[in-house]
Structure formats: C-alpha cells, structure tokens
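In what follows, every heavy atom counts, from backbone to side chain, and hydrogens, waters and symmetry copies are set aside. A note on names: the letters A, B, ... follow the listed sequences, proteins ahead of strands, and every chain is numbered from 1.
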Number of protein chains: 6
Amino acid sequence: MPRTDLPFEELPHYRAAPTAPADFDDFWAQTLDEAARHDSSAVVLPHASPLTTLEVADVGFAGYGGHPVKAWLVLPRQRSGRLPCVVRFPGYGSGRSSPLDALEYASCGYAQLVMDVRGQGTNERGTGDTPDPEDSPHPHRPGFMTKGVLDPRRYYYRRVVTDAVRAVAAARTLDSVDPDRVAVAGSSQGGGLAVAAGALAPGVAAVIADVPFLSHFRRAVEVAAEGPYLEIAEYCRAHRDSAERVFATLSYTDALNFASRATAPAAFSAAGMDPVTPPSTCYAVYNAYAGPKRMRLWQFNNHEGGGVFAVERNLAFLAEHLG
Amino acid sequence: MPRTDLPFEELPHYRAAPTAPADFDDFWAQTLDEAARHDSSAVVLPHASPLTTLEVADVGFAGYGGHPVKAWLVLPRQRSGRLPCVVRFPGYGSGRSSPLDALEYASCGYAQLVMDVRGQGTNERGTGDTPDPEDSPHPHRPGFMTKGVLDPRRYYYRRVVTDAVRAVAAARTLDSVDPDRVAVAGSSQGGGLAVAAGALAPGVAAVIADVPFLSHFRRAVEVAAEGPYLEIAEYCRAHRDSAERVFATLSYTDALNFASRATAPAAFSAAGMDPVTPPSTCYAVYNAYAGPKRMRLWQFNNHEGGGVFAVERNLAFLAEHLG
Amino acid sequence: MPRTDLPFEELPHYRAAPTAPADFDDFWAQTLDEAARHDSSAVVLPHASPLTTLEVADVGFAGYGGHPVKAWLVLPRQRSGRLPCVVRFPGYGSGRSSPLDALEYASCGYAQLVMDVRGQGTNERGTGDTPDPEDSPHPHRPGFMTKGVLDPRRYYYRRVVTDAVRAVAAARTLDSVDPDRVAVAGSSQGGGLAVAAGALAPGVAAVIADVPFLSHFRRAVEVAAEGPYLEIAEYCRAHRDSAERVFATLSYTDALNFASRATAPAAFSAAGMDPVTPPSTCYAVYNAYAGPKRMRLWQFNNHEGGGVFAVERNLAFLAEHLG
Amino acid sequence: MPRTDLPFEELPHYRAAPTAPADFDDFWAQTLDEAARHDSSAVVLPHASPLTTLEVADVGFAGYGGHPVKAWLVLPRQRSGRLPCVVRFPGYGSGRSSPLDALEYASCGYAQLVMDVRGQGTNERGTGDTPDPEDSPHPHRPGFMTKGVLDPRRYYYRRVVTDAVRAVAAARTLDSVDPDRVAVAGSSQGGGLAVAAGALAPGVAAVIADVPFLSHFRRAVEVAAEGPYLEIAEYCRAHRDSAERVFATLSYTDALNFASRATAPAAFSAAGMDPVTPPSTCYAVYNAYAGPKRMRLWQFNNHEGGGVFAVERNLAFLAEHLG
Amino acid sequence: MPRTDLPFEELPHYRAAPTAPADFDDFWAQTLDEAARHDSSAVVLPHASPLTTLEVADVGFAGYGGHPVKAWLVLPRQRSGRLPCVVRFPGYGSGRSSPLDALEYASCGYAQLVMDVRGQGTNERGTGDTPDPEDSPHPHRPGFMTKGVLDPRRYYYRRVVTDAVRAVAAARTLDSVDPDRVAVAGSSQGGGLAVAAGALAPGVAAVIADVPFLSHFRRAVEVAAEGPYLEIAEYCRAHRDSAERVFATLSYTDALNFASRATAPAAFSAAGMDPVTPPSTCYAVYNAYAGPKRMRLWQFNNHEGGGVFAVERNLAFLAEHLG
Amino acid sequence: MPRTDLPFEELPHYRAAPTAPADFDDFWAQTLDEAARHDSSAVVLPHASPLTTLEVADVGFAGYGGHPVKAWLVLPRQRSGRLPCVVRFPGYGSGRSSPLDALEYASCGYAQLVMDVRGQGTNERGTGDTPDPEDSPHPHRPGFMTKGVLDPRRYYYRRVVTDAVRAVAAARTLDSVDPDRVAVAGSSQGGGLAVAAGALAPGVAAVIADVPFLSHFRRAVEVAAEGPYLEIAEYCRAHRDSAERVFATLSYTDALNFASRATAPAAFSAAGMDPVTPPSTCYAVYNAYAGPKRMRLWQFNNHEGGGVFAVERNLAFLAEHLG
C-alpha cells in the first residue's frame, strides 16, 4: 500500500474552506432542542458478565426522536466517588459489541460508556443491539451513508449525531459519573462523532478523534479508495444530477463544520497511507479545529492508525484533561 | 473467470430439498390479503419523452402496506385493442431507470410495465423513484438483504415480493392491457421476483426468470463469490449465533419454495461461470419448478447470462404463450 | 475507485499540443479517395425481427478497400418522408450486436444505422458479423490496437476510420434518410470514431462523442489503468525501441488531430473516475475541437459515463441540430 | 469470500493420517530436557502502566537454549490467594504487544501471561521485544516458516514450541499463580502452540485452540489461499526437490502429532471460510485429539473466527476447568 | 495460490476421451502436403552478435502457405561434424526473442533452432520478427486464439502447427545438423507445438513438452483461471451459440489428438498449481501419448513449472536420446 | 499498469538530498578492514555440467565475518590469457541459481562470477546455497529487509554489501581473471549491490545497475507499491516510533550514498512503470552518481526493465570499458 494521498510533508498545511450552510447552527439548535424534550436519564440495568475487576451495566437512553439507544457502561468494581467518564462511539458498521471489547478505559479507572450506533452493529468485529426505528427492526448490513441524503432533516447521520450528543447528556445522569469530567472518543466514524458531540454537547472535557471519518466529504469522496465514503461516490455515480444536493446535506454533518465551533481540548490522529479516511481529510478537520489541539501522524499506517499506541497516547491525554 | 460451481454436466441433476416452513402458504395468503385491502388500480399519468413510436406513462400503484410504488408503462403508440403485458422487475440495486431503458418489449408490441423496487434505485445502470416508507425517504445504496432478516414479517423482501404481486394486479387494471395475457419477467433479482409473483399472483400467463437471485439461499450464501448474497454471509459472520434464524426468515422468500407452487409456463436460464447467482442455485429452482418449463444454460457466461440472446429467446417464448 | 487522473477543477483547462504530422491531411485525402472508388451505395436487405414498431434492415456497404461492412438499419415502421439519421459506432470489442440493442434513436424517430467494426464483434455485450479481410475470416477476440502499428498505411484503424466515413456516405444513399441530416455518434471507441468521421466526412450535421477513446494517445497510454490503451503500452513494453514509431502512427488516427479540423456541432462527455478513457484525454480533444461544442463531466462516473442520462442529453442535442 | 475448503457437512468427518516420525517422542523428550537444564524461574519486574484495576509485570524466562524470552503478566490488583493462570501465545508475526492488549482474562480473575514469540513481533496489531538469538538482534518482518526447515533440530519452530512449554513451567513459578491451574490458549499460531504445549507440558489444565495454525501441514500447504502456510508452498516452489524433506521436518511440529498425545481438556474452533487456516486442517487436528474436547465451527467466518464470541465461550470453558 | 485443479494424487489417473474428428488424419496429411510444395531449405544468414563461444545465424524458411518464417540458429563455434539439433517453439505471445535468449542448448553442444511464431512476438519477455501474412504486417499483441476459430481450415493454429512441422524439415536441411537427431521442445504453447510437430513430422528423435498448452481444450477452457485459454472462453461467452463449432475446430489442433498418434520418446511436465495450463490437462495429454514417455509433476509450482530444474532434466533426456 | 511515479519528463531532474551519516566512510572502512582480515582467495572446485562450450566452477570465498559465500564461475572452455570478469549479484530472494542461468556473459568471452546472496536463494526463479550464519542454517523465504534494522552494525545488508565487495576481491584472485578488468553488475537488488561494490571496492572497471533496489529508501518506502521495500513500510507500520532509527540504519546501505562516492563508469537503467523500484528512486541514485555515467529509461516497462534489450546494451557498455 503506497501513499495515495498528499506527501507527508504537505499534510500539516492542508486546509479546506468551511462548508457550513447559513442555517447550520439553527439546524442543530433546533434538532437538539427537539431531542431534549425527551427525558435524558439513562436507564441502567446490571448485566452479568465473567468480569471480576469490572462491573457492567446495560444502559438505555432516549436518542433522536426519543428512540431508545443502547450502550454498555463498564466501570471498575472497586471505586470511590464519581468517576471521569469516556463516551466512546464505534466505527462504521459496528455496534457496542460485547462488554469484553470495552475494557481499556474502565481498567484505567474511567467509567466507559460505549454507545450503539443505530441500525449498524453488524460487523464481524462487533455487533449491536439498537435498530433505527426509521429504518429496520434490527441492525443490518450497511449501507447507511446515503439514507435520506437528499434532505438534511431526514439524513441518517442527523439522527446518529443527535444520539451522540444525547449519550453525553445521559452519561452525566449516571450515579457513577462526574458530570464535569466527561470526554468523547472514537476512531473512524467514532472519531467523526466525537468531534460532532464535542462541539454540540456543552462542557465536554476532552475530545479524542482518531483517523476521523465524516470529515471533509468533498475531498474524501474524491480520494478515498476503500470504505464507506465510496457509498457516497456510488450514489452520485447513479444519481448523476444530485451531487450538489448530496454535498449540501453532508455539510450539516461534516466534522469540518463542527471543528470550527469546538472549544474542548482535542487529540487527533491521521494515518499516512489510509485509504479509508485519507490523511488530508483528517488534517483539514484538525486545522479547522478551534479548540486546543494536538495531532499525531502515523506515517506508515493504513486505517488501523496507531492501534494500541494510540490507546496509550489517548490515556495520557485523558489523564492530563480529566485528572 | 474459471468455473467455480458444479461441473456443467452435473448441473441438470442438481436438486435441493424444499425449505418452506409449515405456515408458508398461510403467511403469503395473509400478507396478500392485507395488501389487497388497498385499491389495486394503477394511477396512470402521461409522461413526456422523446420517444415517437412509443408512449410512456408514469404509473403508481399501492404496494405492500398500501405504499405507493412507481413504474413505467411503455407501449406502442400505434395499437389496437388490449395488449399482452410484460411486468418486469429490475436487478438488485437498480430501479425502473428511464423509460429509454424499457424499449425492447414495447417495441415488439407489448405493454411493458417496469416496476421500481422500493428503496433501491441507486445504481449507475438505473435509478428509481420509490422509497421504502419503512426505511428511508429516498432510494439509497444497498444493503437491503438483511433488513429485518430476523423476522419473516418484518423482512424487507416480504414487502418487495408483495409489491411484485401487486404490480401484476395493477397491470390488469390498465386500459391498454389484456388482463389474461400478463407475463412477469426479470433477470437476477428480477428473476427471483418473477418466480415469486408468478406463483403468488393467480393467472400469470408466463414467467421469465434469467439467472434468478433469491434462489436456494442456503447453498447460494456458501458458494457465491460476488454480489448481494454476500450481505447475508456477512450478516451471519457478524451475528454468529443467528444463522438458523436468518435462514428461517429467508425460506419465506426463497424462489425454491415459490417454484414448487407454480403452474405458469416458465423460461429459466443460468450461467455456467456466474459468481453472483451460481448456476447450481438456478438449477435447484428450475428443478423444483412445478409448471411447464424450459432452461437454457449459458455455459461460458458470467452473471450477464444470455444478454441480448436471452432477450430474443424470451420474445419467442412470449410469442408462444401470450400470442 | 478514487480519482486517478487530474483533479476535477483542472480538467477544463487541460490542453494538449497537436500531434498531426505534416502529411496528415494528404494521408486522409488519399485514403478516402481510394475508398471512394468503390460504390458507396448501401445494400439494404429486409431483416425479420420481433419488432413491431420498428423496421430492421441488414445493410452492407463498401468500406476501406471496398471490403463489405455490415450495419443494422433500424427505423420507425410508421414514417413519412426522409428521416434524420444517426450513424452509431460501437465500443471496443463489440459489433453491431442485435437490432434489439439499437432501439433508442429509432424509437425517437431517427433512422439509426449501427456499423460493425471490422474484425471486432466478440464481446458478451455485443457481437458482430464483419471480418477484416486483412486479418481473420471472422470476428475474434482483441487485440486490435497494435495491428500494423508500425506503419500508418497498414494500421488497423486507418481501415476502421475509413469505414466510419464510408458509413456516413452509405447512410446518405438510403431512401429513408435525409442526407443533410446525418449525425455520427458513439461512446468510447465509438466516440473517437464519431470525432474522426465528423471531421472527415463533409457535411455531418452533429457529432456525439461520449467518453471518447482514440484520444490523445500519448497521455492516455501513460495514465489509463484499464482497457485497450494498455495494449499499446504492452506493445511498447515489448518492442522497447519502437515507441516513437508507434506514436507517429497513432497520430494519424488520434481524435486530437481530427478535432482541430472539425466544424460540426459536437456534444462531448467525460467521466471523472474513468480508468479506460481518462477524463484529461477527453478534455484534450474537447479543447482542441474547432466546431461549436459542449462538454459534460460525469464527475463520479467510471467508463460507463452518463449511461441513460447521456442518451437523454444526446437526444436533446440531436433535436436541436437535426430538427 | 465463498467457501473454498470442504462443504460444512463434511468437515466433522475429516481425518488425516498421523505423520509423526518414529523418533518424535525422543526428539521432544531430548529437546525439552536440554531446555530444562536452564533455570525455569520467571524473572518478574513490576511495570508501570495506566491500568488501575490490573497490575502488570514484565516477565522474563529462559526458553530454548536458555535464551531470554519476554512475556507480560497481567493480573487483578485486588486478589487473594494464587490465581488460575492462562498462558497465551500470539498469532503469526505478532508479539506480546502492549499490556493494554492483554486485559480480557485478567479482568476475569485470571493471571494472564502473554508470551513473546521469538523473532516475530512486527505486526501492526502487536509488536514484541524478544529476538531469536539464532537469527536477528531484534524482531523483524516474516518469514519465519522456512528457517531451518531442512533439519528438524535447526527448525525455527522447534525453538518456539520449546519456549511455549517453558512458558508453562515459568508460569508455575510465579507467586501469584496456582501451578495446578494453568491453561494454555491462543488463536491461529497461538492455537497451534497451545496444542503443542498442552501435549508436551505435563499437567496443563486446559487447552484453547482457536483456528489453529501449524496443523496438518500437508493439506494446509495445498489448500490455504492466504497467510503463512504460503511461505512453505513458496519454499517448495523454489527448492523443487526438497518437499519431502520439508514435510519430514514439519511433522515434528505439526499439531496433528501433538494432538494424538494430548490428555488435557481442549476447546477448539474452526472457521468455515478461513483461507489462512482452512477448516479441514483444524478438524483434522481436532479429530486426532486424544483428550476430552469440544469444537465450534464458525461457519461463515474467515480467519477472525469467533472473535469476541470465542472469548466468551473460552471464558466459560475455563470456568469449567480452572474453577 | 492454492491448488485449484484436481488433488495431486488424482492427477496421474486423469484421462480424457479423444476428440479427433474422422478426417483428422486427412486434414493434416493434406495440409502438410500443400506446405511441402514449397522448398523446405532453410535460408541461413550469418548474424553478428557479441557471442564468442557460439555462432548465430538468422534463418528463414517457408512455412504454411510458403510464408517466410524466421528463426535463430545458435550453435557452438567450435564443432566437428553434424550436430544433434533442438527445435524450440516459444510460449504464447513471444517470438524467437534475441539470440541471447537461446544459449542453453547450444552451450551444451546442440544446434538450437528457435522458431518465431507468426504474428506473435510482442511480449516483454521476447519479441519476434515474423508476421502472419493472413493477418497483420507486423507482430502484434494477442489475441490469436480465436482467429478463424469457426473453420478448421482457416484457424490460426493450423498455420502455426504447419510452421512447426516445417521447422523440423528446415532444420534437417542445415549443413550443421544431423537430420536423424532432431528433437522438438517447448514450454506452454511451445510444449503443445512440440507434441504436434513430434507427431506430424516423421522421424523426430525426441519431444520435450513442459506444461503444454493447446491441450485438452474442453476441460482447459472450463478450469483455467489465467492465460490464453480465457480468450476461447471469452469468445464463447460472446458468441453464445458457437461453442460446439469452436470446439470442433479446436479438436484439429488439440495436443490430445496428436499425442495418441505419436511414437517419439517424450518428456512431459505439469505444475500442480498452474492456473494457465492446469495440470489435469497436461496429464490428459500425457496419458494419451502413444510413444515412450515420462512425466514430472512440479507439485507446488505455478506456470513457471520446473524452470531451470526442467532445463537440467531436459538436457539429461536429450543426452539419452540424441546421444 | 499506469504510471504511478513522476511523469516521464520530470524523472531526469529528480534529485534527492544525500543521507549519509557523518561516520559513513569510517563505518565502511572499518567494516571492510575487518572482512579483509580473512583470506580473500577464492576456493575453486570444478563442477560437472552438461555445458560443452563453457566450463563451470563452484567457487567459495570468505565474506563478511569470514563466512563462506558460494558463487558460480562460468567461463569459456576455449580461452587464452586472463579474461575480463563480470561479478553479478542476484535479485531479491534469489541465489546464484544453476550455472545454466549464468550463460550470457561467459558466452561473450567474460569470466562470469555469480555470487550467492546469503540467506536468500529461495525463489522459483533461482535458488542458492549460502546461508547467513547469523541467521538460519539454510536459505529461506524472505523477509530480509528488516533483520537488524535498528542497528547499522547488525543490519543484514551490512553483511551482504561486504560480501559483494569481497566477491570482487575474490574474483581478482582467480587464475582466469585479469584483476584490472573486473566489472560488477546486477538488476534490482543486484543493481544496488553493484553500486555499493563499485564504490567500495577499489579499481572496479565498470558498474551496471539495472532498476537498482536499495536506492533512496526514504522515497522508495513511500511510493513503492510492490516488492521488498514494503517490508520496511510494514516494519514502520508496526514499530510506530522506530521510523527515524530505521532510516538512520538504512542510510548506511543506501545506494544514494555509495553513488556520490563512486568513480567507475556506470550504466544505469530505470523503468517508467516500475512499482518495485520506482523510477524516481533510480534517477535519484543516477543523478547522485559521481563517476562517468549513462542512463536508459525503459518508459513503458515494469520491473522487468529492459530484459534482453538491457543485456545487449550492457554487453556493449562492457566492451567499451573492459575491452
């Protein structure tokens, strides 16, 4: 896999013009207001597991439209006081998976909340339990990228971003969580959602966005060689006169536009040979990010990015910002 | 592309055990009864086109749940009396496309009705205009194969098969159509739907099923190397304990089970090197088919099957059965 | 399939230096004079078909060297007076196929003449019936690109371009055709031939060149990732000292050089992610085109280009220019 | 990815003839005796980590030839008495990785010891810290499969299997570990090593072998389509007269021959569409296994096998056998 | 590359029914008689080269239709008396290449004659200088497999096989060659031609056929995954009704039918994982071969077969039979 | 295979900054001094072969660390006086192969010495007989690129480059060789070693470096799409913090740094569409080369470069410089 995006030395300087439509802020204010009409308390059910050092709960909360969204809460069995919390969002196609896939932050002393992404959760690396009531009664195989893509209000990711913001609110209602120390995190789709939730949910303490997806769609659709951006390219390939309308819708959920509205400290990463979320698109979002920030380029990596090296780096970043 | 399914000489003898559940007939009787509560008259709107020898109408009818389904009606401008009609169903991912893609039967003197497949219609070879109201507000990119696949009543193809049966009923309400001479036809997904509609809609005059999809799922999912059967394999790959439940659902829409209930004369084809709808799965359906039948193996072909050679063969078959 | 040619915004500005040798015009004048010594009348045999709205004839005419070339003539059964005519040239490897593949222009009121490309006609999407007497007794599988490529006078495409020009002349001899309203059209190889015939045949009324092949060989051979340009690259890869001689021959049949001599109104298209006829090579020809012109970029498309969207656009263009 | 090995229903019946040479048992007795001359005590150094529920130690022990081999020991910070222990072996190319990749068994109350595989440890999913002193001063990129493959005594896996047996001995010397409750576990290469160590190390309490590699080399080299078995095929492809000698060496480290000597209870898995460790080779080892055993076929899975579903199943199996 | 043809142990037993038409012998007798009307003397021109131990001549002889065919003659500069001679035929797409590619037999004391294959000779591994006068004025890129394939008398390989037979006759006219000790040899296409020439040219002393092509077309076209057999599959894929006619033509040049008429001692080889000339097709010819014979299976090899190991084996075979 | 490196017209101008560390010259002086402590005389054993015009000897000499390295010496049986000598180094993965693969220079009057590359020699195109005593007891399958790559003194290629320099010294001790007329040559890895040996061994008469590997590692690892440079990329992909250390080691064996110290006349080549040793990296070395030089770009070639055309060119170059 050779480099197929910009040369490494040009990446730090890559910037993209913002694409937010005039009503971007109104759109999200209204969307979140509607969602906030539903009770934001998490419903927490103890969940049996073979884990002995950690405790698991099956969490439900009201997402977009008041639709029930599932999450795993994993936290140290031994604890005192309220914990800082990391709300994590999965990658494209996956769901919250098993609690056994959510050990790393909890084993380091955090309350870890892993949100399901509605409709998704059908991936050999992780399944989910949350359907999208505006779609199918169970999670299913992609594609999701172009559902409702001709209309910002009906677009699939409007619902998912709203869920992500609501997950932060729900996390704050948990007994075990210190509401002032809630971070959002994710890789790929999860990274894009972390930027969105970090910008839209007030008072997020830190944002972790590894190889973020949903970022600078215009370029991404042109240069990505694999992965879900191709669904958009395929849509435009079929509906040959709809591209402008498609990109207009996408601008409402483009991390580029959330980044410029963000204030929380953020840790980004990009991978130099990533065909799924090309590094230039990650840098575009990073360079647009308005809060305190850092970036790590995993120069020779594909979409796996930093892997466990990134986890270690993210834990240090959290320690710095969540105490 | 070498042969990857059975040797050619074994294909004619390949048979599969039927998989229909005990309530198969009740399931469809009840499903179609529910659909029949909606008015089956087609709404026909003249549609301007550059065609001079043919006339086009934009047709709408009430499909599953009474949901509006679109179709193109194309028919000879010069005609006398009611015409025999061919109801055609598109391949996976495509929609009714443009009327300019529906010329061949109409130019031969048939009323050609091309049904949209709800939700689909996002393919560079043909778009559609019919959303699935239980899903997205507009057609979008696949996948569709695993929507609701854990529950026969919520499964996506229950709706699509119902639409196909309703399309036959709608065709019979058209002024231009002789209700006693309605055939169903299609290739790939369209072929599977033709078998289904031919079995479920009473009095269908002829069935054309080229390289049919939705056929003998159990083997198909094991041997298909490309195409939409892989969505099912991927689903089972993720939801590792759900395979039996998945195949139980699929048995309600497997052409294998419609075939054994069919009576209309049918023309089948299979392609010897087809990685999408492997020939053994087509022969399994053919061998199960209970009506008068013929089969053509396009020995060296991939999923394109007979192409225009098949069109010529199908026109001869129609002439024989629709007069 | 990501973009592999120039960024979309650079395409409109891409220009190539002309490559026509000094004797280019003499070469073609002499070539066409020789061909014109043969009778240009089309031999028209009625051809039985299942079509009822259209009439088919099996046409033969004398092409390069007086060699017999076949074509289908398809035209509305109901007609009055002479019709405007569209002479269409197939894509690489294909032939005139079945008349059932030649319905769209005829169904819109044109006489549609589909020329065989000598020697080709062995493609699962369309066969042909015209051998190249300087080659094999029947159509066969490619390659054709490097036959005689060391000598402009013996080069295969000298014969094919001549056939294309002769097809226009033959069309004009048809009773059903208005000789003042003959257009040439094609996609890929057919698009390149349309540019050539449009420039060489006097009085062509309109030219349609979708994703044209045979265009700006020098760059095409360097950047095409799939398709017949690779045959030339492979030839030069083997005959390592022959590249200059090869490109010298190709310059006689490069659409780039026909374009700068053209006067007929032309409709071009290019596809932004086309690995077969890379969009920069199409723009090079378009920008060199000396007549009235329009261009459509199908930004997200591969070599299928506009598909039926292009057909609709082409019909509008023809209506404008052929009345 | 269609099925490329035996049909699912034939797998349970697939058996292979044993290939152990006459001196197999002597070979290993002598090999392990030599290794046992080195002190088997583990050297345990506390290791700082961000983990709060778990404790990490950097462990070293004397492997084959007395060479130092590294491992991570991860265990619950809160514990009382000696713990049952799981010795885990990595997949091909990987090393012990970060302790953050070794949380699942420790979080369930086990002492988890993850052994480095000498020389390997250069994989984007996990690095290692143990060179092979008979090779390079640091871990490096594969291949390892054919190092010394012409001589059983010099063959690379003789050293690695010995390390694995020594890891069990070392685990028993740990203060925190109950020496009567030591299990071995792994996936792919790790699974093959678990079968070997389970057979060679006396008193192993349980064996977990997911999609085991190093299994039935003769068939594996013939049918594997990806992965490290191909290194052997490539070796034989080059050294055309050496195949018998190669397979003779491999018979000393083939899990097939360890399996028939095993007594510990074992949990196996295979994946129905696995191109790396084809399921028939896993079943061959399973069917040869002489101890109490169970098998799970992940029918639609590739080499990822059961993923987290397998972890859950393995934890239940351990609970049953290690208490 | 896993095995895709029969398991190794089944290969020795694989036999195919002969396919020779009734007039097979007459066809070739007549064909060779016609060719024999042309003078069979080789025209030998000294050729300058940097070689000092060997001498090169540029040879021409009259092939099929009396058409001039080129060959290189390479022989030891130091020699006494007439030499045994090896006539070698190139692989598909290649030509006689440079004399520098024809050193191995000559350096071992043989007169080596390397024949051009008419029309071919456009491959990065070797070019040629002999056009096919019934085709193009210069060698060009394939395909050649389907030229004239509907008519045995016009089929391309009728000419090439005739050339191969004539090359043997021409070799016998060389001053340097002992006409009683002429062997034919080749790999892939060259191997198929060696079998043909060995059967048709009287008195050939030995035949070497490595991984022979042109062998058992019926199965080859069904199972080959790469290479020139695919041209035939593609032809049949396009001309869907012509397959029987195609295979009827191919039966005249199938090595299967030459093999059963052969008497010269022959050395065959096949490669167990060869996707171009699948081993079962080589064994079919070997098992049909009527003369003394040996076979070597290169079990783990792809189409390269034995490589230089085969050269060594072939030299030993020649020493045995040519003295 | 389209062009994936710089446009052809930019290649001649591509230059890279030198990367030699400050102690580069000391490093090699010391390395070679250590090696020179071992006797440099070649041990020459006659070797039976079927060759009659040439004579073969099995040569051994003391390479790095005094380790025995094998080579074939092939030379004309008829000779008078000492011959000019070509020392040839194989490509990556291969060894000295059979003497039958070493005919071309010997047949032109040179003593040809083909060195084994320690450890390698396991390739279907050529095997070897020389293990690397710091590694495995026999040649084995790659990878070799990252063995010891964290330490210049332990790096694998330090040993191989030393062997190459020692091969020149050994060649000069041969009775048959004129020590003042020794050239070094190779393609790919062999080309990189030729540049290295040409710079480090005093008095080399000529250097032939076709499509050289080991050249400008920094860019090569970024743009190569196939071949052994990828092993380095994969190493850095795993050991994410080690890239600078890796490239520091590589700078000691980068042909870029040898080139700027060279004085012998050199013939280079590059291939315009080479994904293994991208042409820009070859030009970087060529442009850095300090001696008299020539370059040939095989514009349309992949990694095979000039093939036999290059051999012819190289023979002319040798004739010019070795007389």
Counting only N and O atoms by type, is there a donor-acceptor contact under 3.5 Å from the side chain of E/Arg240 to the main-chain atoms of B/Gly306? yes
State which residues pass ring pair (Phe, Tyr, Trp, His ring centres under 6.0 Å) with E/Tyr92; sequence neighbours excluded, sorted by chain then number. none
With the side chain counted from C-beta on, respond yes when B/Phe300 and E/Val221 share a heavy-atom pair under 4.5 Å apart, and no when they do not. yes
Under a 4.0 Å threshold between the charged nitrogen and the carboxylate oxygen, would E/Asp241 count as salt-bridged to B/Arg296? yes
Below 4.5 Å from any heavy atom of chain B, which atoms of E/Ala224 appear? Answer side chain, backbone, both or neither. backbone
Tell me the closest heavy-atom pair linking E/Val223 and B/Pro2, and the distance in Å. O-CB, 3.5 Å
